[in-house]
Trainee: 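Quick one: the structure is below, questions incoming.
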Amino acid sequence: MTSLWTRSLAARFICFTLLSLVLSQAIVFFISWDEHGQSIRKAAKGEILSRCASLARVLEATPQSLQTDILNASNTSSARYWISTDGLKDASEWREEAWERLAQPLPRVSFPGHNAPAEVRPDFTRNTARSSGASSSQWVDLKPEAWPLSRPAKFLYLDDTTGMGLAVQLANGTWLNTAFAKPAQDGFWTSKSTLALGLSALSLSIIAVFAARGIAQPLRRLAVAAEALGRGQEVVPLPETGPDDIRRTAEAFNRMQARLHRFVDDRTKMLAAIGHDLRTPLTSLRLRAEFVRDEDVREKMLSTIAEIQTMTEATLAFAREDATAENTRTLDLSALVQSLCDDLAELGHDVSFSNGQKIGYSCRPDALRRACRNLIENAIRYGERARVTIERGADNIEINVSDDGPGIPDSAREQVFVPFFRIENSRNRETGGVGLGLSIARTIVRHHGGDIVLTNGPKGLHAVISLPAQEAVPPLVSRPITAAAAKDAINDLEPASRGISA
């Protein structure tokens with residue numbers, strides 16, 4: 001239940017809606033319950049006064065021998081009528097007699113040719129617990145405007161609900177006594193009220209689900225788009241619709257995406273321009289160095305120029321690949337890594353791959369293949385061999401590359417990812433290139449939302465490429481204008497590059 005509360009916006013909406021429903025129903029119940037009881041009591045009082053007045057007229061108009069049958073026929077499950085000839089009793093004594101008569105079963109009344117009905121025994125157990133306030137009440141003379149007959153009548157309450165008594169003196173001097181009480185009314189939680197509350201809760205829950213989906217769907221779309229953008233993908237602009245808060249959030253995200261794309265394009269063009277501007281003076285320096293007569297000086301100058309040229313070409317190659325907008329597609333990540341290891345093994349390198357389960361993953365295959373290749377080649381170059389495994393966890397996918405080399409110092413674990421940084425002092429290609437391999441690998445992996453971590457194992461260096469487990473990503477779109485323009489700008493530099501290599 002706690003997990004559903006923390007993860008589901010619809011669950012929170014439903015809980016808050018049902019809580020509001022219960023509170024509102026409780027407030028309405030406490031406000032209207034007393035008014036409802038007073039209304040029932042008032043209606044019951046009017047009913048008993050009207051019945052008693054009608055019965056008094058009937059009794060006075062009929063022979064005394066028929067009065068007993070008339071009284072028995074007039075009795076109901078909630079009212080008792082009887083005549084007393086010894087005057088009106090005290091209120092407390094009369095009240096006790098009234099409850100005793102109400103608790104007795106209805107007498108049978110027989111008519112010629114009609115069978116007597118079964119006894120009816122009313123249930124007044126809930127009325128016997130009378131309050132002290134009702135027990136202490138005394139007879140009250142009814143006002144003329146409340147009593148339809150001219151002769152006086154006395155009234156009292158039997159309890160605090162619907163119980164009441166009435167005594168009317170007839171023309172012959174006897175008293176017509178009336179005791180009226182209904183079983184206590186049912187509580188609020190009746191079958192009807194429970195059904196009504198359940199239907200209301202169900203209706204509000206359905207409405208809350210649709211309301212939550214209307215809010216959660218744009219937020220979910222924004223989260224997926226932000227994750228895809230963080231992996232270097234370009235997503236279609238979010239629809240700028242809905243309430244103002246959601247629409248402004250979508251507009252801000254679309255503006256941020258456009259600004260990031262402009263920044264990447266400007267950086268790519270800047271790298272291409274730097275590479276182009278460096279080629280011309282390098283060509284001039286190479287030509288001038290050829291005319292140096294001292295052979296040792298000339299070789300050192302040419303070596304330095306070649307090193308600068310190598311770094312420039314590596315930077316330009318990195319810019320060229322960054323400018324190429326590779327589409328993201330889903331493939332078997334285990335098959336991609338295994339094919340890379342098989343290719344390197346065929347070239348004579350000591351590379352082993354432990355077969356893993358099939359893992360479908362959405363990525364830029366060429367870029368991710370290059371990142372894995374850089375790590376595996378580093379393991380071969382500095383650690384003699386590479387052992388590659390791939391594992392899938394609950395939240396991420398790990399590609400592990402281990403070697404048997406000396407490892408790296410703890411102080412250099414982050415420095416090795418800095419462009420052109422190398423642990424050894426030499427810049428000779430034979431000892432490891434120009435120092436862009438790990439930097440490029442980490443950049444590619446971070447564009448996919450992951451990271452690379454280096455640790456020293458018991459035998460050598462242990463490199464881990466950690467990629468996040470993916471949800472469904474929105475469709476990709478290409479940038480034919482900016483990417484093509486950057487790629488063309490770099491391709492225009494190829495003649496100068498060929499001139500240097502020559």
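Numbering of residues begins at 1 and proceeds along the displayed sequence.
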Trainee: Please report the shortest heavy-atom distance between D403 and R387, naming the atom on each side.
Mentor: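 Of all heavy-atom pairs spanning D403 and R387, the closest is O-NH2, 3.6 Å.
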Trainee: Locate the shortest heavy-atom distance separating A469 from A394; write the atom from each residue and the value.
Mentor: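 Smallest interatomic distance, heavy atoms only, reads CB-O, 4.4 Å.
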Trainee: Mind checking the CD-CG spacing from Q67 to L55? Nearest 0.5 Å is all I need.
Mentor: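 Taking CD in Q67 and CG in L55, the distance rounds to 9.0 Å.
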Trainee: If you compare all heavy atoms of H448 against all heavy atoms of R364, which two are closest, and at what distance to 0.1 Å?
Mentor: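 Minimum heavy-atom separation between H448 and R364: NE2-N, 3.1 Å.
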Trainee: Out of curiosity, I359 CD1 to L331 CG, how far, rounded to the nearest 0.5 Å?
Mentor: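 Nearest 0.5 Å value for the CD1-CG distance: 11.5 Å.
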Trainee: Going by the rule side chain to side chain contact (heavy atoms under 4.5 Å, CB included), which residues pair with R442 if we only count those two or more places apart in sequence or in a different chain?
Mentor: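 For R442, the residues satisfying side chain to side chain contact (heavy atoms under 4.5 Å, CB included) (neighbours in sequence not counted) are E414, F417, R446, D451, I452.
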Trainee: How about CG on D395, more than 12 heavy atoms from neighbouring residues, nucleotides or ligands closer than 6.0 Å, or not?
Mentor: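 Incorrect, the count does not exceed 12.
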Trainee: Do D90 and Q138 have side chains that approach each other closer than 4.5 Å (heavy atoms only, starting at C-beta)?
Mentor: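 Heavy-atom side-chain distance check passes, below 4.5 Å.
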Trainee: Is there any side chain to side chain donor-acceptor pair (under 3.5 Å) pair reaching into residues 142-151, and which pairs are they, with sequence neighbours excluded?
Mentor: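 Qualifying pairs, neighbours excluded: E60-R151.
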Trainee: Nearest 0.5 Å, what's the SG-CE distance between C52 and M164?
Mentor: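 Taking SG in C52 and CE in M164, the distance rounds to 12.5 Å.
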Trainee: Can you tell me if S74 uses its side chain to pair, donor with acceptor, with the backbone of I70 under 3.5 Å?
Mentor: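 Yes.
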Trainee: Would you say L340 and L336 make side-chain contact, with heavy atoms under 4.5 Å?
Mentor: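 A side-chain contact under 4.5 Å is absent here.
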Trainee: With rounding to the nearest 0.5 angstrom, report the OG1 to OH distance, T178 to Y81.
Mentor: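 Here the interatomic distance stands at 5.5 Å.
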Trainee: Checking side-chain contact (heavy atoms from CB on, under 4.5 Å) for the pair L59/I83: CA distance, chi angles, key distance, verdict?
Mentor: CA-CA 10 Å; L59 292 176; I83 292 178; 4.0 Å; yes
Trainee: For the residue pair S339 / R369, report whether a side-chain donor-acceptor contact shorter than 3.5 Å exists.
Mentor: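 Indeed, the side chains of R369 and S339 share at least one donor-acceptor pair under 3.5 Å.
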Trainee: Counting only N and O atoms by type, is there a donor-acceptor contact under 3.5 Å from the side chain of D332 to the main-chain atoms of K358?
Mentor: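 Flag not set: sc D332 to bb K358 has no pair under 3.5 Å.
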Trainee: Does the side chain of Y157 come within less than 4.5 Å of K45's, by heavy atoms?
Mentor: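 Yes; the side chains approach each other to less than 4.5 Å.
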Trainee: Any salt bridge (charged side-chain N to carboxylate O under 4.0 Å, His left out) involving residues 248-261? Give me the pairs, sequence neighbours left out, ordered by first then second residue.
Mentor: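 Qualifying pairs, neighbours excluded: R247-E251.
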Trainee: Report the C-alpha separation of N456 and I408 in whole Å, then their side-chain angles, then the decisive distance to 0.1 Å, and conclude whether the side-chain contact (heavy atoms from CB on, under 4.5 Å) test is met.
Mentor: CA-CA 7 Å; N456 289 321; I408 58 175; 4.2 Å; yes
Trainee: If you define the side chain from C-beta out and look only at heavy atoms, does anything of L438 sit under 4.5 Å from L375?
Mentor: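 L438 reaches L375 side chain to side chain.
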Trainee: Measure the OH-OG1 distance between Y361 and T330 for me, rounded to the nearest 0.5 Å.
Mentor: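 It comes to 10.5 Å.
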Trainee: Indicate the atoms forming the closest heavy-atom contact of A379 with A386, along with that distance.
Mentor: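 Heavy atoms of A379 and A386 come nearest at CB-CB, 3.8 Å.
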Trainee: So do F353 and I390 actually touch side chain to side chain, heavy atoms under 4.5 Å?
Mentor: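 Answer yes - side chains close enough.
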Trainee: With a 3.5 Å cut-off and sequence neighbours excluded, list the donor-acceptor pairs that the side chains of residues 459-467 form with protein atoms.
Mentor:
unit_1 : atom_1 : unit_2 : atom_2 : d
H462   : ND1    : S402   : OG     : 2.7
S466   : OG     : N396   : ND2    : 3.2

Trainee: Can you give me every donor-acceptor pair (side chain of residues 195-205, partner residue at least two apart or in another chain, under 3.5 Å) with its distance?
Mentor:
unit_1 : atom_1 : unit_2 : atom_2 : d
S200   : OG     : A196   : O      : 2.9
S203   : OG     : L199   : O      : 2.9
S205   : OG     : A201   : O      : 2.7

Trainee: Classify the ring geometry of W139 against W94: parallel below 30°, tilted from 30° to 60°, perpendicular beyond 60°.
Mentor: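 The arrangement is perpendicular - the two ring planes meet at more than 60°.
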Trainee: Would the distance check show the side chain of R80 and the main-chain N or O of Q104 forming a donor-acceptor pair, the cut-off being under 3.5 Å?
Mentor: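 Looks like yes, one N/O pair under 3.5 Å.
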Trainee: Is T76 close to R51 at the side-chain level, that is, under 4.5 Å between some pair of heavy atoms?
Mentor: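 They are in side-chain contact.
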Trainee: Looking at L158 and G165, what are the two nearest heavy atoms and their distance?
Mentor: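 Closest approach of L158 to G165, heavy atoms only: CG-N, 4.1 Å.
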Trainee: Is there a side-chain contact (heavy atoms from CB on, under 4.5 Å) between N177 and L88? Walk through the geometry before answering.
Mentor: CA-CA 9 Å; N177 302 284; L88 186 63; 4.1 Å; yes
Trainee: With rounding to the nearest 0.5 angstrom, report the CG to CD distance, L170 to Q64.
Mentor: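 If we round to the nearest 0.5 Å, L170:CG and Q64:CD are 10.0 Å apart.
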Trainee: Given L333 and L368, is the side-chain contact (heavy atoms from CB on, under 4.5 Å) satisfied, shown in steps?
Mentor: CA-CA 10 Å; L333 191 59; L368 193 58; 3.6 Å; yes
Trainee: Grab the two heavy atoms, one from A179 and one from W82, that are nearest each other, plus how far apart they are.
Mentor: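 Heavy-atom minimum between the residues: CB-CZ3, 3.9 Å.
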Trainee: Are T249 and L238 close enough that some pair of their side-chain heavy atoms sits under 4.5 Å apart?
Mentor: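 No - every pair of side-chain heavy atoms lies 4.5 Å or more apart.
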Trainee: Taking salt bridge (charged side-chain N to carboxylate O under 4.0 Å, His left out) as the definition, give me every residue that meets it alongside D141, ordered by chain and number, with sequence neighbours left out.
Mentor: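 With sequence neighbours excluded, D141 shows a salt bridge (charged side-chain N to carboxylate O under 4.0 Å, His left out) to K154, given in chain and number order.
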Trainee: Any side-chain heavy-atom pair from L142 and L49 closer than 4.5 angstrom?
Mentor: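 Contact flag for L142/L49 side chains = yes.
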